[in-house]
Amino acid sequence: MKNKNNNALLLVLNNKAIILTILMLLVSVVFTGGTTLSSNNIAGVMRQISVLAIISIGYTILLGGGMMDLSVGNIVSLCGVVYGIASLHMPLFPALITAIALGALCELVNGVMIKSFNLPNFVLTLATGQIYKGIASILTDGKSVGGLSDGVKYLGQGQILGFLPMPFFIMIIVVILMAVLIGKTTYGRHVLAAGGNPFAAEVSGIRVKFINITTMMIGGLCFGLGSAVLTGRVASAIPTAGENYLMDAIAAVVIGGTPMRGGKAKVVGTLFGVALIGVINNMLNLLNVSSYWQWVCKGIIIIVAIVLDSVTDRTFMAQKA
């Protein structure tokens, strides 16, 4: 009986993001009188969660590889500002590549400094985050960059196939690519090995330092892309636009089943974690809940994510014992 109970608990914990998303969706339908399921609302939610999903997918490989980063929101802001300015002076595609490359460059700086000087991830990325935030404000004098082209706006507001929001389409592509990279390639296995037990990975011949740095750069590519979609969605480049995405990304990734200790990464789980946060935010907006109370709710979500991560760890350890 005990084994059956443990197996049932493990099943729930392994699929907690899916279960919680379904439950919250049902709650939202009840409390909003069905408005949640209207076509306009669904399309709006798809656009809203797409940016967070792209950023969170990037954070998934970071966390799975054993790397933490507190500068993510500031990187998104800086990339968005540079993308907005670049789009005013060059065609859309080169501007987009500039934003994506800048995200990778920012994470390259983070990764090289962490590994070269053996610095704590939290402290170093907290410091570099302030630098990126300052540069974004310097470039714009603390003001938004407007007058963006229709091409820039299309990435965040347009539709493909006549009905699918462009941000959602980009998100799906990112999810597929990252799922294949982590789950189907030798590099992905090395990332998880380096995140789970770097010492054992080093002994087995894996270049842990190289893997850690490139892992952060891949995450940076996602942050740069997310910044471009976000800029298009709000039709302006705002030097503080990404600041609210860090904690939501961490919550989505952890709720989705990627442990904070590293060694495992669930890309599809992250997608459901993002969906859960999106459903909750949408429900609170439909109910006209004050933004102050929404901050409280987000804090509770993060606490729940940490508790679930801890419970999952203990349960797996008990199961192995």
Side-chain angles (χ1 to χ4, degrees), residues 15-58 60 76 80 92 96 146 148-179 222 225-238 241-242 244-245 248-249 251-253 255-256 266-291 293-295 297-298 301:
N15 298 280
K16 54 184 178 288
I18 299 175
I19 295 171
L20 289 172
T21 300
I22 294 173
L23 289 176
M24 285 308 306
L25 184 59
L26 293 174
V27 171
S28 180
V29 170
V30 171
F31 279 92
T32 63
T35 305
T36 298
L37 299 180
S38 68
S39 58
N40 288 337
N41 187 66
I42 291 175
V45 172
M46 290 170 70
R47 285 191 176 88
Q48 290 170 10
I49 69 171
S50 296
V51 175
L52 176 59
I54 294 170
I55 295 170
S56 298
I57 293 301
T60 300
V76 172
L92 176 63
L96 179 60
L148 304 181
S149 68
D150 291 338
V152 170
K153 296 175 185 176
Y154 178 74
L155 284 182
Q157 301 176 14
Q159 291 184 335
I160 189 169
L161 303 177
F163 69 93
L164 187 66
M166 189 64 181
F168 195 80
F169 175 75
I170 295 172
M171 177 200 78
I172 294 299
I173 297 299
V174 172
V175 168
I176 293 173
L177 291 176
M178 192 64 76
C222 294
L225 178 59
S227 74
V229 177
L230 175 61
T231 300
R233 188 166 72 82
V234 300
S236 63
I238 305 172
N244 293 327
Y245 282 94
D248 282 357
V253 173
I255 290 175
K266 288 192 172 185
V267 175
V268 176
T270 294
L271 190 57
F272 278 100
V274 170
L276 173 62
I277 293 175
V279 168
I280 293 174
N281 287 340
N282 180 247
M283 179 180 67
L284 295 177
N285 287 330
L286 290 176
L287 295 174
N288 293 317
V289 175
S290 165
S291 59
W293 281 106
Q294 292 190 32
W295 295 340
C297 290
K298 286 186 178 182
I301 290 172

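Since the structure is predicted, the reported quantities are computational estimates derived from the model, not experimental observations. Index from 1, following the sequence.
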Checklist entry - side-chain hydrogen bond (donor to acceptor under 3.5 Å, both in side chains) with Ser56: which residues, sequence neighbours excluded? => result none

Item to check | side-chain hydrogen bond (donor to acceptor under 3.5 Å, both in side chains) contacts touching residues 44-53 (sequence neighbours left out) | outcome: none

Item to check | Leu225 vs Leu96 side-chain heavy atoms within contact, under 4.5 Å | outcome: yes

Next on the checklist: Can you confirm whether Ile255 sits close enough to Ile301 that some side-chain heavy atom of one is under 4.5 Å from a side-chain heavy atom of the other?
Outcome noted: yes

Got a list of side-chain donor-acceptor pairs under 3.5 Å for residues 17-33, not counting sequence neighbours?
residue : atom : partner : partner atom : Å
Thr21   : OG1  : Ala17   : O            : 2.7
Thr21   : OG1  : Phe272  : O            : 3.1
Ser28   : OG   : Thr36   : OG1          : 2.6
Thr32   : OG1  : Ser28   : O            : 2.6
Thr32   : OG1  : Thr36   : N            : 3.4
Thr32   : OG1  : Thr36   : OG1          : 2.8

Next on the checklist: Can you list everything that forms a side-chain hydrogen bond (donor to acceptor under 3.5 Å, both in side chains) with Thr231? Sequence neighbours excluded, please.
Outcome noted: none

Item to check | Residues in side-chain hydrogen bond (donor to acceptor under 3.5 Å, both in side chains) contact with Asn244, at least two apart in sequence or another chain | outcome: none

Checklist outcome for this item: Interatomic distance, CG@Leu271 vs CG@Leu52, rounded to 0.5 Å, equals 10.0 Å

Residues 277-284, side-chain donor-acceptor partners within the protein, below 3.5 Å, at least two apart:
residue : atom : partner : partner atom : Å
Asn281  : ND2  : Ile277  : O            : 3.4
Asn282  : OD1  : Asn41   : ND2          : 2.9
Asn282  : ND2  : Asn41   : OD1          : 2.9

Item to check | For Ser227, side-chain contact (heavy atoms from CB on, under 4.5 Å) partners two or more places apart | outcome: Val76, Cys79, Ala99

Item to check | Any residue meeting side-chain contact (heavy atoms from CB on, under 4.5 Å) with Trp295, in chain and number order, not counting sequence neighbours | outcome: Tyr292

Extract all donor-acceptor atom pairs below 3.5 Å that involve side chains of residues 151-175 and protein atoms in other chains or at least two apart in sequence.
residue : atom : partner : partner atom : Å
Tyr154  : OH   : Gln159  : O            : 2.8
Gln157  : NE2  : Gly232  : O            : 3.1
Gln157  : NE2  : Arg233  : O            : 3.3

